[in-house]
Number of protein chains: 2
Amino acid sequence: MGDDMRSGCPINLSLEVVGDRWSLLVIRDMMFGNRRHFRELLTKSEEGISSNILADRLKTLLAQGIITREDDPAHKQKGIYSLTEQGIELLPILAQMAAWGYKYLPVSEELGIRARLLSEGGPKMWAEFMDELRETHLGVKRRKKTGPSVGERLQAAYEKVVAKKR
Amino acid sequence: MGDDMRSGCPINLSLEVVGDRWSLLVIRDMMFGNRRHFRELLTKSEEGISSNILADRLKTLLAQGIITREDDPAHKQKGIYSLTEQGIELLPILAQMAAWGYKYLPVSEELGIRARLLSEGGPKMWAEFMDELRETHLGVKRRKKTGPSVGERLQAAYEKVVAKKR
DNA sequence: CTTAACCGATTGCATTTTGCAACTGGTTGC
DNA sequence: GCAACCAGTTGCAAAATGCAATCGGTTAAG
């Protein structure tokens, strides 16, 4: 993660910031899995990131202004990681990657259901989900709640598939 | 580029395929720079990829079905690389990355202009550009041509900025 | 027909990044 | 007071990356 710039191309710059094998997975877990602590990100991830890599990525994402860290008032050692607006706006990238992966790669049924719903929901659903993230990560109040949130709907759909498969 | 699967999550799988520092830049140059030969991709890139990395990435992208390679009838040594439908459908990911990078990173004016136009154009413009790519890479005839293509418009805007800056 | 430039790669080697496992210094709950 | 938990750090091996030189073949100019 050197800070030497290869070119001023926006795609290149984005790749220099989040174009590695782990950064976007950490963001994904913060967004869809609501992981906010180091230990949650470390142990509750599907892929099993190792602790040194996680520590390094969190440091980089922090330095880039994609996440913030604050002390957990309920536990002196715990930090709470939150997405910034800049981090929240990575969602469309994740959504497109999810849609592409769902269409072309051997996605498992339970892990693919969210991608399918998000893809079908389109940009409108993404915007709604981003508003929910602004509420949980930035403390921005949302106006209304008619029915279950996008996050709840995705989670419910996931659990339904898991239950069905067993 | 091991083929061991970390998880069946669509985002993770996408990252395993194109989540490195170079693959998407190669795709970008094929899409927006119309680079089709090894030497073009090698020397006309902003970032200066090295030949062994390029060879390796082309091999991987080929194996993944994202690009194809055929012999150039006009030159026995040259191969022509083309995007497959799967590769063309990476465009929305690139477009979102371009938009995010343009918004949050120190993008140069001349390399940012395409990102701005593409972002303003939205999914409709992306679809049009993908149709143009289907024509040039897959030989699929398009129906109509009213005015300059998206590719031409992006290129013209880029050149205009370059001319202005000098 | 010679020859220099060009072609898509490959090779060897140094540097950097990643991955794993053990461990540290500290906190919390029982 | 002690076991479980916490956010990381350390040491080291393995893999990926980056660079420069090179290879065997093709093409175009003279």
Side-chain angles (χ1 to χ4, degrees), chain A residues 1-7 12 15-26 29-30 33-64 67-82, chain B residues 1-7 12 15-26 29-30 33-64 67-82:
Chain A
M1 248 32 73
D3 46 6
D4 54 319
M5 207 175 64
R6 293 190 299 196
S7 91
N12 173 59
L15 285 171
E16 289 191 23
V17 175
V18 294
D20 69 281
R21 265 171 142 57
W22 288 109
S23 296
L24 286 178
L25 293 181
V26 172
D29 284 348
M30 290 182 73
N34 203 34
R35 320 259 191 264
R36 309 290 293 273
H37 303 292
F38 188 94
R39 202 48 60 157
E40 284 179 331
L41 288 163
L42 185 66
T43 58
K44 293 182 186 170
S45 122
E46 284 284 331
E47 293 85 11
I49 190 171
S50 46
S51 59
N52 54 345
I53 307 285
L54 176 58
D56 182 78
R57 290 306 177 279
L58 288 172
K59 207 178 292 177
T60 306
L61 292 171
L62 216 41
Q64 291 288 347
I67 61 175
T68 54
R69 194 209 128 110
E70 56 188 317
D71 292 332
D72 186 339
H75 191 302
K76 275 182 186 158
Q77 262 182 322
K78 280 187 181 174
I80 301 180
Y81 292 97
S82 302
Chain B
M1 244 30 71
D3 47 5
D4 54 319
M5 206 176 67
R6 294 189 298 196
S7 91
N12 173 58
L15 285 170
E16 289 190 23
V17 174
V18 294
D20 69 280
R21 265 172 141 57
W22 288 110
S23 296
L24 286 178
L25 294 181
V26 172
D29 285 347
M30 291 181 73
N34 204 34
R35 319 260 191 264
R36 308 290 293 273
H37 304 292
F38 188 95
R39 202 51 60 157
E40 284 179 332
L41 288 164
L42 185 67
T43 59
K44 292 181 185 170
S45 121
E46 285 284 332
E47 293 86 10
I49 189 170
S50 46
S51 60
N52 53 348
I53 306 285
L54 177 59
D56 181 78
R57 291 305 179 280
L58 289 173
K59 206 178 293 177
T60 306
L61 291 171
L62 214 42
Q64 291 287 347
I67 61 175
T68 56
R69 192 209 129 109
E70 56 188 317
D71 293 332
D72 185 339
H75 192 300
K76 276 180 188 160
Q77 265 182 323
K78 281 187 181 175
I80 302 181
Y81 292 98
S82 302

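Below the 3.5 angstrom threshold, one finds no donor paired with an acceptor across the side chain of A:Ser50 and the base of C:dT18. At a cut-off of 3.5 angstrom, counting only N and O atoms as typed in the model, there is no donor on one side facing an acceptor on the other between the side-chain of B:Gln77 and the base of C:dG8.
What separates CD1 of A:Ile80 from C1' of D:dA7 is a distance of 14 Å, to the nearest Å. Put simply, CG on B:Asp56 is 9 Å from P on D:dA16, counting in whole angstrom units. Separating the CG atom of A:Leu41 from the P atom of D:dC5 is a distance of 18 Å, rounded to the nearest angstrom. Remark: C1' of C:dC6 and NZ of B:Lys76 are 16 Å apart, rounded to the nearest angstrom. In this entry the distance linking CZ of A:Arg6 with P of C:dT16 reads 16 Å, nearest Å. Rounded to whole Å, atom P of C:dA21 lies 17 Å from atom CG of A:Leu54. Residue A:Arg39 contributes atom CZ, which lies 14 Å from atom P of D:dA4 at whole-angstrom precision. The interatomic distance linking A:Arg21 (CZ) with C:dC20 (P) rounds to 12 Å, in whole Å.
With B:Asp29 contributing its side chain and B:Ser45 its backbone, the two residues share no donor-acceptor pair below 3.5 Å. The closest donor-acceptor contact from the side chain of B:Ser50 to the backbone of B:Asn52 lies at 3.5 Å or more, if one exists at all. Put simply, the side chain of A:Arg35 gets close to the backbone of A:Lys44: a donor and an acceptor are under 3.5 Å apart.
Looking at every heavy atom in both residues, B:Gly79 comes nearest to B:His37 through O-ND1, 3.1 Å. Taking every heavy atom of both residues into account, B:Ser23 and B:Val17 meet most closely at OG-O, 4.2 Å.
Here the options are B:Leu61, B:Leu25, B:Leu41, the test is side chain to side chain contact (heavy atoms under 4.5 Å, CB included), and the partner is B:Met30; only B:Leu41 passes.
In the set D:dA20, D:dA7, C:dG8, the nucleotide with an atom closest to the side chain of B:His37 is C:dG8. Counting only heavy atoms from C-beta on, B:Asn52 has its side chain closest to D:dA20 among D:dA20, D:dA7, C:dG8. With distances taken from any side-chain atom of A:Phe38 to the nucleotides D:dA7, C:dG8, C:dG19, the minimum falls on D:dA7. Considering only side-chain atoms of A:Asp20, the nucleotide from D:dG8, C:dA9, C:dT18 that sits closest is C:dT18.
B:Lys59 has a side-chain polar atom (N or O) that falls below the 4.0 Å cut-off from OP1 or OP2 of C:dT10. Residue B:Arg57 places at least one side-chain N or O under 4.0 Å from the OP1 or OP2 atom of D:dT17.
Geometric assessment of A:Arg36 against the ring of A:Tyr81 yields a negative cation-pi assignment under the 6.0 Å and 45° thresholds.
In this structure, the side chains of B:Leu15 and A:Leu24 come closer than 4.5 Å at one or more pairs of heavy atoms.
Using five terminal pairs a side, the axes of the helix from C:dC1-D:dG30 to C:dC30-D:dG1 at its two ends make an angle of 20°, given in steps of 10 degrees.
Nearest-nucleotide positions on DNA chain D for B:Ile53 and A:Ala55 put A:Ala55 closer to the 5' end. A residue-by-residue look at A:Trp22 and A:His75 shows that A:Trp22 has its nearest nucleotide of DNA chain C further toward the 5' end.
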